[in-house]
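Beneath this line is the structure, given in structure tokens, with notes to follow.
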Amino acid sequence: MELSKNYIPTEIEAKWYQHWIDRQYFSSKPDEREAYTVVIPPPNVTGVLHMGHCLNNTIQDILVRRARMQGKNACWVPGTDHASIATEAKVVGMLREKGIAKSSLSRSEFLDYAWEWKEKYGGIILQQLRKMGCSLDWDRTSFTMNPDYYASVIQVFVDLYQKGYIYRGKRMINWDVKAKTALSDEEVIYKVVQSKLYHVKYKLENGGFITIATVRPETILGDAAICVNPADERYKSLHGQYAFVPLINRKIKIIPDEYVALDFGTGALKVTPAHDMNDYQLGQKYQLEIIDTMNDDGTMSEAAQLYIGMDRFAVRKKIVEDLETAGHIEKIEEYTNQVGFSERTDVVVEPRLSLQWWVSMKELSAPALSAVMEDEIHFHPTKFKNLYRHWMENVKDWCISRQLWWGHRIPAWYTKDGAFAVAKTAEEALDQLKKSTGNTALTLSDIHQDDDCLDTWFSSWLWPFEVFKGLSDPDNKEVSYYYPTSTLVTAPEIIFFWVARMIIAGYEYKGLKPFKDVYFTGIVRDKLGRKMSKSLGNSPDLLALIDQYGADAVRFGILIASPAGNDILFDESSLEQGRNFNNKLWNALKLVKMWEGRLDNAATNDAADAEFAINWFENRLNQVSTEVEELMTQFKLSEALKTIYSLIWDDFCSWYLEWAKPGFEQPVSPMVLNKTISFFERLMELLHPFMPFITEEIFHLLKPQTEDLTVKLQHKAAKADENILASGALLKEVITKLRDARNKNQLKPKDPVSLYIMAEDNKGYQSISPILMKQVNANKVSYTAEAIPNTIVINMEKDKFFIEAAQQLDTDAIKERLLKDLAYEQNFLASVIKKLSNEKFVQNAKPEIIALERKKQADAEARMKTIEESLKSLA
RNA sequence: GGGAGCAUAGCUCAGUUGGUUUAGAGCAUCUGCCUUACAAGCAGAGGGUCCGCGGUUCGAACCCGUGUGCUCCCA
């Protein structure tokens, strides 16, 4: 079979993914094996694959594939969340293009369009994950608005309400006066705007004025206080005094609070609790009156007393004129500030108070805090425990209502008089309302369900058990087997939105933690360190990258740059490194395949030469496998990949294959070939979770296989023999030093040399001398008891090597290098002696440390002696 | 404003309870090589005030204090 010059991934990747799916390797059923369960952090149903997903899902796939190869029953559940805000925005946009306004549709008509959109365009990302090789159990694909899931979300709402954890309360929201709807924070676009800062004088009760600065003078009519910094000398005398709101002469108090910045405006702040987020909080703190001066369409309300029914911006103009006439304007400054605009209607957003549904978090979250603090759930890296604790100890109540239609509709029904009941169905709510209001004549048509729906996180916090119907069908076989799940892989920015809440829900509804380990990935940034985002447009097209480099290379590239817990600076050059690695593997395969053609049962020469190489690599493989195992259990994935990369590229390709390689057109013995193939197979096993496609391909090209690598059990690493490892390391070091000496003396690679070894133990070198000759291009090796004159001298610990070349040697250059080495050794020795002559060191340090320093001294002295001898022989 | 994290080679990072040779790796750089698996490669090399200052210690990249810079989260 002819193998291509370079590795070409596209067809190979498509072929194997289909094969794995056909064999149903990724589908899991409960059995007697240990389960390894991972639930995917559900991407938005509107989502397309970006770098964050790529990193996140690569990591999950590595963990899952590795567990599978370790004989566990691996189950990785895919799915999406309904993403109420994002999806509703998409659907509204699509309708707008068709010329349909959302306001012209009934709720159910709108939802029909939304479902249609979801079926047609939703979940593209799940297709894209296949391209990446993700070994997800597709039969389990879940969705937060599937009927069972929907019912569970409603059940949880009713349950928490009945337990007293859910209540209604006021909250400042972003109000779109044109669409007459609340906006989520994500739907508000902040723009830099040229405004005016009006300095307005308020008359004081005890005479004189206090001046405040505002950009929204129309809100003056809703003022409830004036606030100053308690440390502000200018206003100290005014604490607790009163001033009058201009034009309407309402009396308001002057209160001190550290919230006010001394250096902004005049240092005095007008407090308008009904129309500003921060003012509202000040209002809460000091129990100020809330005067809502605006109607839902942005006109002034009766509470404003003046300008009733006039638009807010017309009022801004008019009130400034009136204030000016009344002598209240001190000055007007130009001012640049940020103003929020509605993403939908592009009008200026008004902060407005509104009744919302809340979850009371304090009590509910207590078990979730201790679970993480006491390491029942392990965070990786552990530094996120601090962050988690801080948030959980200061947890705030959770506003769960959203003014949207796409989502789980809040199961609360209201009468016209404002009485309400929470229940799973309208009928149950009606029964409750009949009782609570005493009005037995109420009918279903008299009550109206809440129009809002629930925050998406209020459904995704049930994800780890509800994907197994753990609430809708509690104690079913699946949830009992798969829950608690094993590892959650997610981004640190949703530690509170999602991770904390899943833990809370897990304890509340299953009485168990939702997962054993949480691995937080870094945030993917571009080369300049900027977070990748749609708005910056700095996120590359992943599918194009996969086409260009191959999925294995993309997986490699993104993981190699991603140390545990640190952000990753994404640079395409790391994908190139991944592609080059693929190619390296491919070429190693080509070499081994070439040996097949030269197989000769009678060949024994190469076997004798290769024996050392085989013995060494076998042990090296065991040693590194153990290292990788350790790194993986510590979730140091990128380190593990680096270790495997180096094992394959350096140890296997650069050392082992070169050592075991037969001479030009020489035969290969079956032993060498078979051993090499088995090493290659084990390397593919190790690498498979990281780069599944090429490893599966090579595994099958190496020899006919009875099973696929994807479901093959990994070898258990045997204990490595330290002595063999040490002689391998020595051999590598000798070769490198000799090659370096050749280089520095300008010997061309093709110039053969003679090598003399002066060693304490010549036998030690006999087994490796064929390799040594091959690797340093020596045509002869001999042993000597005395220094050889006019040669290049190389010093190892105790042993010396002499390179004899046909070329004239540059003795001046050699001398110069020896002197440099000598100077280094002298400095080193001096530092060791200094340490050893310090009495306190000798008294306090552990004996083994002192012995070590003594050895350093002896070694350095020995090395200096040989250098001096060499210098003498040159002179 | 409150909180958290980070700072080691040009870049990205390792560096275990303080002592294993005056600090390691990958990438990048430089030098020499188209050597029959691989130039997407081979062989080799150079490169560091471990952010500044102070302290603890016989001994600090590591522990403590402090300053500076960067990043993130919450409001």
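Chain letters run A, B, ... following the sequence lines, proteins first and then strands; every chain starts at 1.
- Across all strands, A/S646 comes closer than 4.0 Å to no nucleic acid atom at all (heavy-atom distances).
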Given side-chain contact (heavy atoms from CB on, under 4.5 Å), test A/I494 with A/W457 step by step and report yes or no.
CA-CA 10 Å; A/I494 53 174; A/W457 301 112; 3.9 Å; yes
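- A close approach under 4.0 Å does not occur between any side-chain nitrogen or oxygen of A/W655 and OP1 or OP2 of B/C42.
- A donor-acceptor pair shorter than 3.5 Å can be found between the side chains of A/R817 and A/N745.
- Aromatic ring pairs are classed by plane angle as parallel below 30°, tilted from 30° to 60° and perpendicular above 60°; the pair A/F379 and A/Y388 is perpendicular.
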Apply side-chain contact (heavy atoms from CB on, under 4.5 Å) to the pair A/T676 and A/Y656, showing each step before the final yes or no.
CA-CA 9 Å; A/T676 303; A/Y656 171 76; 2.8 Å; yes
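- Side-chain contact check for A/D650 and A/Y645: no donor-acceptor pair (N or O, by modelled atom type) lies under 3.5 Å.
- A donor-acceptor pair shorter than 3.5 Å can be found between the side chains of A/S354 and A/Q356.
- For A/K748, a side-chain nitrogen or oxygen approaches OP1 or OP2 of B/C33 to under 4.0 Å.
- In this structure, A/N386 reaches the B/G5 phosphate: one of its side-chain N or O atoms is under 4.0 Å from OP1 or OP2.
- At the heavy-atom level, A/W649 lies under 4.0 Å from the strands shown only through sugar-phosphate atoms.
- Residue A/K584 places at least one side-chain N or O closer than 4.0 Å to OP1 or OP2 of B/C42.
- Residues A/E697 and A/W586 bring no donor and acceptor atom of their side chains to less than 3.5 Å of each other.
- OP1 or OP2 of B/G41 sits under 4.0 Å from a side-chain N or O of A/N580.
- When the nucleotides B/C27, B/C42, B/A45 are ranked by their closest atom to the side chain of A/Y645, B/C27 comes out on top.
- The distance between atom CZ of A/R579 and atom C1' of B/G41, rounded to the nearest whole Å, is 12 Å.
- Look at the P atom in both B/C72 and B/C33: the space between them is 48 Å, to the nearest Å.
- Taking side-chain N and O atoms only, A/K636 has a distance below 4.0 Å to OP1 or OP2 of B/G15.
- Contacts of A/E848 with the nucleic acid, taken as non-hydrogen atoms under 4.0 Å apart, are absent.
- Taking atom CD of residue A/E658 and atom P of nucleotide B/G44, one finds them 11 Å apart after rounding to whole Å.
- Counting only N and O atoms by type, the side chains of A/Q857 and A/R854 include no donor and acceptor under 3.5 Å apart.
- Distance from the side chain of A/M594 is smallest to B/A37 among B/A4, B/G44, B/A37.
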Enumerate all atom pairs, one protein N or O and one N or O from nucleotides 21-24 of chain B, separated by less than 3.5 Å.
residue	atom	partner	partner atom	Å
B/U22	O4	A/Y824	O	2.9

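- Under 4.0 angstrom from either OP1 or OP2 of B/A39 there lies at least one side-chain N or O belonging to A/K5.
- Look at the P atom in both B/U29 and B/G19: the space between them is 35 Å, to the nearest Å.
- To the nearest angstrom, P of B/G41 lies 17 Å from CH2 of A/W586.
- Across all strands shown, A/F496 has heavy atoms under 4.0 Å from sugar-phosphate atoms exclusively, and none from any base.
- Counting any heavy atom pair closer than 4.0 Å across all strands shown, A/D740 reaches sugar-phosphate atoms only and no base atom.
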